[in-house]
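So you know, we letter chains A, B, ... as the sequences are listed, proteins then strands, and number each from 1.
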Number of protein chains: 2
Amino acid sequence: MISFEDFISVDGIPIYLQILRHIKRGVVAGAIQNGDELPSRRVLSALLGINPNTIQKAYKALEDEGLIESRAGAKSYMSLDVDKTEKIRIQLLENDVGSIVSSLKQMGLSKEDAVSLIEKHWEN
Amino acid sequence: MISFEDFISVDGIPIYLQILRHIKRGVVAGAIQNGDELPSRRVLSALLGINPNTIQKAYKALEDEGLIESRAGAKSYMSLDVDKTEKIRIQLLENDVGSIVSSLKQMGLSKEDAVSLIEKHWEN
DNA sequence: ACAACTGTACTATGTGTATAATACAGTTAA
DNA sequence: TTAACTGTATTATACACATAGTACAGTTGT
């Protein structure tokens, strides 16, 4: 069963997208694998204190991307392979690293300053 | 006059917040200084192809944070000092670096992998 | 003085997100 | 079989964001 224990919602970003991202990061980390069972919409809704329709929106998006499989009445399961996982890794890293680099560049930091900041914050 | 030539809107994040962030990063980089003149709401609206009300929302937020001063009928100007600038620097760096570190950690990367990625992306 | 700009305010509309409340049909296990 | 779960769908409400259009009063330079 996929865990959402460490899921923390941040405001400003749509909740259903945060759920998407949480699962994708778990896939990249190897914590979520092909065939893994997802919590039902209602259960996850209660667990996170989020409306069932919002969970459904996230799961629907995952289904549209071919990352989960759902059948009416039954549980939903992860549908992964090497290609999908690698595409997610590239998508997430490209997005995250690209945005931080452009941010720090815009603020006038040097590459050394940037690396130093990352290393300092890694411990906390 | 503050420049918006390199401003590129990204979807998913409210435009007025992106304008806020663009100006704050310019302040941190030293490209925007105390007393600098801002483009008028209407001019910036035309320049960026964004509704005047959206520009006004961004400028209003800057005014509420004490970073600009506006008088009805006259131009708006940056209102900065050392303390404000340093607070912005801390606010932006804390936010950006904190989010990238938690992202990469969630994806299972080591500190060395993270630094290596940042360095590789810095050139492009 | 006056024309052209400025900031500011207001109403209205459309879209996306999140919520609440129901409803129905398919599955699974006792 | 049947009770309890499952996914899926629908309607309604509320809020934030972005747009469009209009209006009015303050300033600035000629």
Side-chain angles (χ1 to χ4, degrees), chain A residues 1-4 7-24 32 34-80, chain B residues 1-4 7-24 32 34-80:
Chain A
M1 173 70 73
I2 295 177
S3 166
F4 281 82
F7 180 86
I8 301 171
S9 184
V10 183
D11 52 7
I13 304 169
I15 299 174
Y16 81 98
L17 290 180
Q18 295 187 48
I19 295 174
L20 267 189
R21 198 177 54 182
H22 181 266
I23 291 178
K24 287 183 176 180
I32 297 176
N34 184 47
D36 280 359
E37 177 185 324
L38 290 126
S40 83
R41 276 80 165 160
R42 290 172 179 84
V43 165
L44 186 55
S45 165
L47 181 65
L48 301 182
I50 292 168
N51 193 276
N53 296 327
T54 302
I55 308 293
Q56 163 63 9
K57 189 166 188 173
Y59 279 22
K60 176 65 161 50
L62 284 169
E63 178 116 46
D64 289 344
E65 293 191 41
L67 303 182
I68 73 174
E69 283 183 3
S70 305
R71 319 191 335 267
K75 290 278 184 67
S76 298
Y77 298 91
M78 298 301 303
S79 169
L80 300 170
Chain B
M1 174 71 72
I2 295 177
S3 167
F4 281 82
F7 181 85
I8 302 171
S9 184
V10 184
D11 51 8
I13 303 169
I15 299 174
Y16 81 99
L17 290 181
Q18 295 186 48
I19 296 174
L20 267 189
R21 200 177 52 183
H22 181 265
I23 291 178
K24 287 183 176 179
I32 296 176
N34 183 48
D36 279 359
E37 178 185 323
L38 290 127
S40 82
R41 275 81 165 161
R42 290 172 178 84
V43 165
L44 186 55
S45 165
L47 182 65
L48 301 182
I50 292 168
N51 192 277
N53 297 325
T54 302
I55 309 292
Q56 163 63 7
K57 188 166 189 173
Y59 279 23
K60 177 65 163 50
L62 284 169
E63 179 116 45
D64 290 344
E65 293 191 41
L67 303 182
I68 73 174
E69 284 184 3
S70 305
R71 319 191 335 268
K75 290 278 184 67
S76 299
Y77 298 91
M78 297 302 303
S79 169
L80 299 169

**OP:** Send over the distance from B/L44 CG to C/dG7 P, rounded to a whole Å.
**Re:** 10 Å
**OP:** Starting from P on C/dC5, measure out to CD1 on B/I55 and report it in whole angstrom.
**Re:** 18 Å
**OP:** Not counting sequence neighbours, list each pair that qualifies as a salt bridge (Lys or Arg N to Asp or Glu O under 4.0 Å) and has a residue in residues 42-64 of chain A.
**Re:** A/K60-A/D64
Original post:
Quick one: A/D64 CG to D/dT8 P, roughly how many Å, whole number?
Top reply: 10 Å
Original post:
Are A/K75 and A/E69 ion-paired here, with the side-chain N under 4.0 Å from a carboxylate O?
Top reply: no
Original post:
Reckon B/S40 has a side-chain N or O less than 4.0 Å from the OP1 or OP2 of C/dT6?
Top reply: yes
**OP:** Kindly say if A/R41 contacts the phosphate of D/dT6, meaning a side-chain N or O under 4.0 Å from OP1 or OP2.
**Re:** no
**OP:** Do nucleotides 17-30 of chain C as a string where each nucleotide becomes B, S or -: B if the base has a protein heavy atom under 4.0 Å, S if just the sugar-phosphate does, - if no protein is that close.
**Re:** SSBBB-B--BSS--
Subject >> Between P of C/dG16 and NZ of A/K60, the distance in whole Å >> reply: 14 Å
**OP:** Measure the distance from CD on A/E63 to C1' on D/dT8 and round it to the nearest whole Å.
**Re:** 11 Å
**OP:** Check each of B/I2, B/L62, B/I23 against B/I68 using the side chain to side chain contact (heavy atoms under 4.5 Å, CB included) test, and report the only one that passes.
**Re:** B/L62
Subject >> Shortest non-hydrogen separation from B/N34 to B/L80 and the atoms involved >> reply: OD1-N, 2.8 Å
**OP:** State, to 0.1 Å, how close A/M78 and A/I32 come at their nearest heavy-atom pair, and which atoms those are.
**Re:** CG-CG2, 3.7 Å
Original post:
For the residue pair B/F7 and B/H22, does the interplanar ring angle fall in the parallel (under 30°), tilted (30 to 60°) or perpendicular (over 60°) class?
Top reply: perpendicular
Subject >> Whole-Å gap separating P (D/dC15) and CG (A/D11) >> reply: 17 Å
